[in-house]
2 protein chains.
Amino acid sequence: MHSQITIKEIATEAGVSVATVSRALNDSPRVTPATKQRIQQIANQLGYRVNDLARSIRVKKTFTLGVVISNILTSFFTEIIDQLEEQALQNHYQIIIARTNEDAASEQQAISALQQRMVDGLIVATADVNNILTNLDSTTPTVFIDRQPQEVQGNFDVVLTENTEGAAEIVTTMLHQGAQRIGFINSPVSTTSTERLQGYRQALSQTELPLDDRLVLASTVDYANVADLTGKLVYNLRCDGIIAADNQILLHILHRLTDRDFPQIILGSFDDSPWLQVMRYPMVIAKQPTAQIAKVAFDLLMKRIQDPNRATNIKRVKTTLVRY
Amino acid sequence: MHSQITIKEIATEAGVSVATVSRALNDSPRVTPATKQRIQQIANQLGYRVNDLARSIRVKKTFTLGVVISNILTSFFTEIIDQLEEQALQNHYQIIIARTNEDAASEQQAISALQQRMVDGLIVATADVNNILTNLDSTTPTVFIDRQPQEVQGNFDVVLTENTEGAAEIVTTMLHQGAQRIGFINSPVSTTSTERLQGYRQALSQTELPLDDRLVLASTVDYANVADLTGKLVYNLRCDGIIAADNQILLHILHRLTDRDFPQIILGSFDDSPWLQVMRYPMVIAKQPTAQIAKVAFDLLMKRIQDPNRATNIKRVKTTLVRY
DNA sequence: CTGTTAGCGCGTTCAG
DNA sequence: CTGAACGCGCTAACAG
């Protein structure tokens with residue numbers, strides 16, 4: 001942060017007051033076009049640039065948004081961030097991203113840091129299932145995405161995916177493709193996996209197939225046991241289909257499947273990736289509409305910033321089924 | 001940006017002056033431990049949080065870094081960003097990311113916006129081959145990554161990959177694997193692809209194989225023609241190996257290759273992806289050490305922020321070869 | 001149409 | 001050890 005030239009210097013240079021310079025630079029109608037132009041020219045010559053810090057502190061608005069997510073290495077969040085950047089760009093906002101690694105304490109810290117930066121609003125995919133967030137003074141306009149916060153107080157908005165419906169569609173499509181016995185490897189995090197599991201159960205209960213709870217297994221946070229679970233499902237439990245609760249689990253399943261001479265089974269999962277198309281493996285994928293999620297979340301946040309007291313709004317977006 | 005409680009309110013509450021409060025909160029030794037503790041307690045009770053804006057404007061330091069890259073959808077940049085976040089977290093910095101979509105004008109705009117935000121430093125993978133950046137007042141400490149800036153004035157640092165060496169290693173390994181005729185699909189962007197092409201030529205010129213320039217083709221910016229180029233290389237020009245200048249090109253090649261009944265050839269490329277491991281296709285990949293790039297860049301930037309006038313420093317990091 | 005004055009929230013002299 | 005006063009760079013209120 002080097003010392004810059006300020007409106008004060010422009011003022012003395014132009015022989016006017018700082019107020020006039022400020023007005024001229026902000027294209028206020030309350031200044032003669034002649035002097036306005038002259039001042040703007042001097043500003044250009046001197047290579048002047050506003051100090052947004054000073055400006056923000058004065059107008060009480062930073063045009064900055066905080067985005068709190070678990071990690072940026074999965075395509076789901078990456079795509080959302082990309083589209084949020086796009087929205088931000090178009091609306092003259094900037095975005096600060098904070099990772100939490102699915103850790104509640106980190107999340108708290110991240111949010112605090114962002115609030116100290118005086119962000120105008122927050123978009124958060126909370127890792128905090130049981131919302132220690134309640135402690136947080138929720139004075140900052142916030143919209144939650146991807147995961148349902150439990151008991152946050154104050155007004156806020158939520159954008160969620162139709163997980164139950166999506167999972168059910170995956171199941172019926174897999175059955176349609178010939179699968180008879182479908183296993184489920186669950187993700188340890190958040191509310192989404194619960195909903196997806198529920199969709200799996202719902203869809204199966206509407207068939208004649210027995211609902212076998214032994215076919216539902218849980219991955220660890222680091223996915224270290226997914227390979228084992230996959231083997232168990234295919235060999236011991238004789239599954240001919242497996243649903244992965246998310247992209248990362250799918251990756252680890254594939255790892256095991258292509259590792260040795262496994263019988264070809266059919267896979268189901270959420271979240272698309274450009275690499276899946278070239279995978280040469282039968283898969284049924286429920287794509288989450290990342291661009292839409294970002295757009296809806298952004299719009300809701302804009303409205304809430306404008307009117308922080310408007311009623312809470314919960315939106316659900318639909319998945320799209322793709323077969324590879 | 002809601003109205004918060006300030007040190008002034010703490011001052012009146014504690015019956016002291018704002019100066020004392022400021023000192024107490026910053027753990028200054030110039031205040032009695034007793035009152036210090038009392039003030040800190042009151043601050044906690046009131047849920048006080050510093051206004052980093054005001055603080056930054058006063059101490060002339062924002063603890064914010066700007067990161068300017070083309071996009072965040074490719075794993076190379078995603079991984080770098082992830083590691084930069086990690087470094088930032090450990091050093092109490094925050095990061096603002098700006099996308100450029102490989103567009104020089106967007107890059108200028110992004111950098112200006114970041115400078116107005118008074119970022120302490122900049123990390124940029126420039127899209128601007130011929131450096132209109134020269135116009136930019138380079139008063140902000142900057143380190144360039146991935147691409148070599150041409151004629152930027154002022155002091156700065158650079159972190160680059162050994163692209164020539166990496167490409168040469170890819171070629172020799174592919175030859176070793178049995179390839180006889182290796183094509184090259186080049187990326188339209190930046191200095192990296194030039195270096196990689198050079199490595200390809202160098203390695204081939206050290207063999208008895210003829211150097212055939214018809215085997216070197218150029219992709220468009222949107223990769224739309226990569227499928228065609230792939231077909232041309234395999235069918236018309238009878239290649240049994242293709243090197244993709246980057247990850248995205250590789251993806252589009254695979255798309256074509258798995259689309260129909262192509263003869264199995266061997267592929268080479270830069271940048272790893274977790275999905276490549278499960279691809280079941282013979283590939284030779286030169287991994288760029290993203291974590292190292294991020295770490296080195298961050299460290300260089302820290303040093304340059306501390307001493308903006310230190311001599312320019314150019315670092316090269318090595319690729320690691322992986323075979324799938 | 002323009003200049004003067006007054007803060008925004010904070011850290012830091014300079015006096016006590 | 002503490003308080004009063006000042007200023008960071010900018011915009012807004014109030015006068016002229």
Tell me which nucleotide among [options] gets nearest to the side chain of [X].
{"X": "A/Arg55", "options": "D/dC10, C/dG3, C/dC10", "answer": "D/dC10"}
{"X": "A/Thr35", "options": "D/dA4, C/dT2, D/dG9", "answer": "C/dT2"}
{"X": "A/Thr32", "options": "D/dG9, C/dT2, C/dG9", "answer": "C/dT2"}

Note to self: Has B/Thr32 got a side-chain atom pairing as donor or acceptor with B/Ala34's backbone, closer than 3.5 angstrom?
What the structure shows: no
Item checked: Side-chain (A/Asp120) to main-chain (A/Thr62) donor-acceptor, under 3.5 angstrom -> yes
Rounded to whole angstrom units, what separation is found between the [atom1] atom of [X] and the [atom2] atom of [N]?
{"X": "B/Leu25", "N": "D/dT2", "atom1": "CG", "atom2": "P", "result": "14 Å"}
{"X": "B/Leu53", "N": "D/dG7", "atom1": "CG", "atom2": "P", "result": "22 Å"}
{"X": "B/Met118", "N": "C/dC10", "atom1": "CE", "atom2": "P", "result": "20 Å"}
{"X": "A/Ile10", "N": "C/dT2", "atom1": "CD1", "atom2": "C1'", "result": "17 Å"}
{"X": "A/Ile5", "N": "D/dG9", "atom1": "CD1", "atom2": "P", "result": "11 Å"}
{"X": "B/Ile7", "N": "D/dT2", "atom1": "CD1", "atom2": "P", "result": "16 Å"}
{"X": "B/Asp52", "N": "C/dC8", "atom1": "CG", "atom2": "C1'", "result": "15 Å"}
{"X": "B/Gln116", "N": "D/dC10", "atom1": "CD", "atom2": "C1'", "result": "13 Å"}

Note to self: Dot-bracket for DNA chain D, please. Rules: Watson-Crick or G-U, both distances under 3.5 Å, ( ) within the strand, [ ] when a pair crosses earlier ones, | for another strand, . otherwise.
What the structure shows: ||||||||||||.|||
Side chains of [X] and [Y]: is there a donor and an acceptor less than 3.5 Å apart?
{"X": "A/Thr78", "Y": "A/Ser75", "value": "no"}
{"X": "A/Gln115", "Y": "A/Thr140", "value": "yes"}
{"X": "A/Thr191", "Y": "A/Gln148", "value": "no"}
{"X": "B/Gln83", "Y": "B/Glu79", "value": "no"}

Notebook entry, point to check: Would you say B/Gln306 has more than 12 foreign heavy atoms packed within less than 6.0 Å of its CD?
Noted result: no
Next item on the list: Might you confirm whether atom CD of A/Gln90 has over 12 heavy atoms from other residues, nucleotides or ligands at distances under 6.0 Å?
Entry: yes
Margin query: Between the side chains of B/Asp299 and B/Lys295, is the shortest nitrogen-to-carboxylate-oxygen separation below 4.0 Å, so that they form an ion pair?
Written below: yes
Item checked: Pairs flagged by salt bridge (charged side-chain N to carboxylate O under 4.0 Å, His left out) wherever residues 22-35 of chain B is involved - sequence neighbours left out -> B/Asp27-B/Lys36
Would you tell me if any nitrogen or oxygen in the side chain of [X] comes within less than 4.0 Å of OP1 or OP2 on [N]?
{"X": "A/Thr20", "N": "C/dG3", "answer": "yes"}
{"X": "A/Tyr48", "N": "D/dC10", "answer": "yes"}
{"X": "B/Thr6", "N": "C/dG9", "answer": "no"}
{"X": "A/Lys60", "N": "C/dG9", "answer": "yes"}

Between the protein and nucleotides 12-16 of chain D, which nitrogen or oxygen pairs come in under 3.5 angstrom?
| from | atom 1 | to | atom 2 | distance (Å) |
| --- | --- | --- | --- | --- |
| D/dA13 | N6 | A/Arg23 | NH1 | 3.1 |

